[in-house]
Amino acid sequence: MNTIFLLMVQFGGRAVIPLEEVRREYFPHLEPDNLTRKLTSEEIALPVVRADRSKKTARGVHLQDLAEYIDAQRAAAVKERNQLCGLDEGRAHG
(Lines give C-alpha, C1' and ligand atoms only; values in the text may rest on other atoms or scores of the structure.)
Protein backbone atom coordinates (compact mmCIF):
# COMPACT_ATOMS: atom_id res chain seq x y z
CA MET A 1 0.00 0.00 0.00
CA ASN A 2 1.31 3.46 -0.82
CA THR A 3 1.34 5.80 2.17
CA ILE A 4 1.36 8.99 0.12
CA PHE A 5 -1.84 8.03 -1.70
CA LEU A 6 -3.56 7.22 1.58
CA LEU A 7 -2.50 10.60 2.97
CA MET A 8 -3.79 12.32 -0.18
CA VAL A 9 -7.20 10.83 0.51
CA GLN A 10 -7.03 11.59 4.23
CA PHE A 11 -6.09 15.23 3.68
CA GLY A 12 -8.10 15.96 0.54
CA GLY A 13 -5.22 15.99 -1.92
CA ARG A 14 -3.45 18.99 -0.39
CA ALA A 15 0.32 19.17 -0.88
CA VAL A 16 0.98 20.88 2.46
CA ILE A 17 -0.93 19.90 5.60
CA PRO A 18 -1.32 22.56 8.32
CA LEU A 19 0.82 21.73 11.34
CA GLU A 20 -2.20 21.67 13.64
CA GLU A 21 -3.88 18.99 11.51
CA VAL A 22 -0.70 16.88 11.53
CA ARG A 23 -0.51 17.30 15.31
CA ARG A 24 -4.17 16.38 15.77
CA GLU A 25 -3.89 13.25 13.59
CA TYR A 26 -0.43 11.93 14.44
CA PHE A 27 0.77 13.63 17.62
CA PRO A 28 -2.39 14.23 19.72
CA HIS A 29 -0.39 13.49 22.87
CA LEU A 30 1.69 16.64 22.30
CA GLU A 31 0.64 20.19 22.99
CA PRO A 32 1.27 22.53 20.02
CA ASP A 33 4.29 24.14 21.70
CA ASN A 34 5.81 20.76 22.51
CA LEU A 35 5.40 19.59 18.92
CA THR A 36 7.03 22.78 17.65
CA ARG A 37 9.95 22.30 20.05
CA LYS A 38 10.45 18.67 18.99
CA LEU A 39 10.31 19.62 15.32
CA THR A 40 12.75 22.49 15.79
CA SER A 41 15.21 20.33 17.73
CA GLU A 42 14.78 17.56 15.14
CA GLU A 43 13.70 15.15 17.88
CA ILE A 44 10.89 14.52 15.41
CA ALA A 45 12.56 14.44 11.99
CA LEU A 46 9.81 16.10 10.01
CA PRO A 47 10.52 19.27 8.01
CA VAL A 48 8.15 22.20 8.51
CA VAL A 49 7.19 24.27 5.47
CA ARG A 50 6.29 27.96 5.44
CA ALA A 51 4.73 29.76 2.49
CA ASP A 52 7.18 32.64 3.03
CA ARG A 53 9.74 33.84 5.57
CA SER A 54 7.26 35.74 7.75
CA LYS A 55 6.94 34.36 11.27
CA LYS A 56 3.19 34.89 10.98
CA THR A 57 2.90 32.58 7.98
CA ALA A 58 1.03 29.34 8.56
CA ARG A 59 3.28 26.33 8.97
CA GLY A 60 2.67 22.91 7.59
CA VAL A 61 4.18 19.60 6.58
CA HIS A 62 4.56 18.54 2.95
CA LEU A 63 2.61 15.39 2.17
CA GLN A 64 5.70 13.58 0.81
CA ASP A 65 7.67 14.33 3.99
CA LEU A 66 4.84 13.06 6.19
CA ALA A 67 4.58 9.87 4.12
CA GLU A 68 8.33 9.27 4.36
CA TYR A 69 8.24 9.91 8.13
CA ILE A 70 5.38 7.43 8.62
CA ASP A 71 7.12 4.84 6.44
CA ALA A 72 10.38 5.28 8.39
CA GLN A 73 8.53 4.86 11.70
CA ARG A 74 6.93 1.69 10.37
CA ALA A 75 10.26 0.31 9.14
CA ALA A 76 11.80 0.94 12.58
CA ALA A 77 8.88 -0.81 14.28
CA VAL A 78 9.12 -3.83 11.96
CA LYS A 79 12.89 -4.06 12.54
CA GLU A 80 12.40 -3.87 16.31
CA ARG A 81 9.68 -6.52 16.20
CA ASN A 82 11.87 -8.80 14.10
CA GLN A 83 14.79 -8.40 16.51
CA LEU A 84 12.57 -9.11 19.52
CA CYS A 85 11.08 -12.18 17.85
CA GLY A 86 14.40 -13.44 16.53
CA LEU A 87 13.29 -13.17 12.91
CA ASP A 88 15.75 -12.51 10.11
CA GLU A 89 15.14 -9.96 7.36
CA GLY A 90 14.48 -12.60 4.68
CA ARG A 91 11.74 -14.42 6.60
CA ALA A 92 9.80 -11.56 8.13
CA HIS A 93 7.78 -9.11 6.11
CA GLY A 94 5.73 -6.39 7.85
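What you see is a predicted model; the values in this text were computed from it and never measured. Both backbone and side-chain heavy atoms feed into the values below; hydrogens, waters and symmetry mates do not.
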Look up atom [atom1] in [X] and atom [atom2] in [Y], then write down how far apart they are to the nearest 0.5 Å.
X	Y	atom1	atom2	value
Q10	Y26	CD	OH	3.5 Å
K79	L84	NZ	CG	12.0 Å
K38	T40	NZ	OG1	12.0 Å
D71	T3	CG	OG1	3.5 Å
F27	L19	CZ	CG	9.0 Å
E25	L7	CD	CG	10.0 Å

In terms of hydrophobic clusters joined by side-chain contacts under 4.5 Å, are [X] and [Y] together?
X	Y	result
L63	F5	yes
V61	I4	yes
L35	V16	no

- Message: Quick check: closest heavy atoms across D65 and L46, and the distance to 0.1 Å?
- Response: O-CD1, 3.5 Å

- Search all heavy atoms of H62 against all heavy atoms of V49 and return the closest pair with its distance. N-CG2, 4.0 Å

- Task: For E31, look at atom CD and say whether over 12 heavy atoms of other residues, nucleotides or ligands are found less than 6.0 Å away.
- Result: no

- Item | Working for salt bridge (Lys or Arg N to Asp or Glu O under 4.0 Å), residues E21 and R14 | CA-CA 12 Å; E21 288 185 47; R14 292 176 287 169; 2.8 Å; yes

- Item | Polar side-chain atom of R23 near backbone of L30 as donor-acceptor pair, under 3.5 Å | yes

- How far apart are the C-alpha atoms of V78 and R74, what are their side-chain angles, what is the distance that settles it, and do they pass the side-chain contact (heavy atoms from CB on, under 4.5 Å) test? CA-CA 6 Å; V78 168; R74 179 186 180 274; 4.1 Å; yes

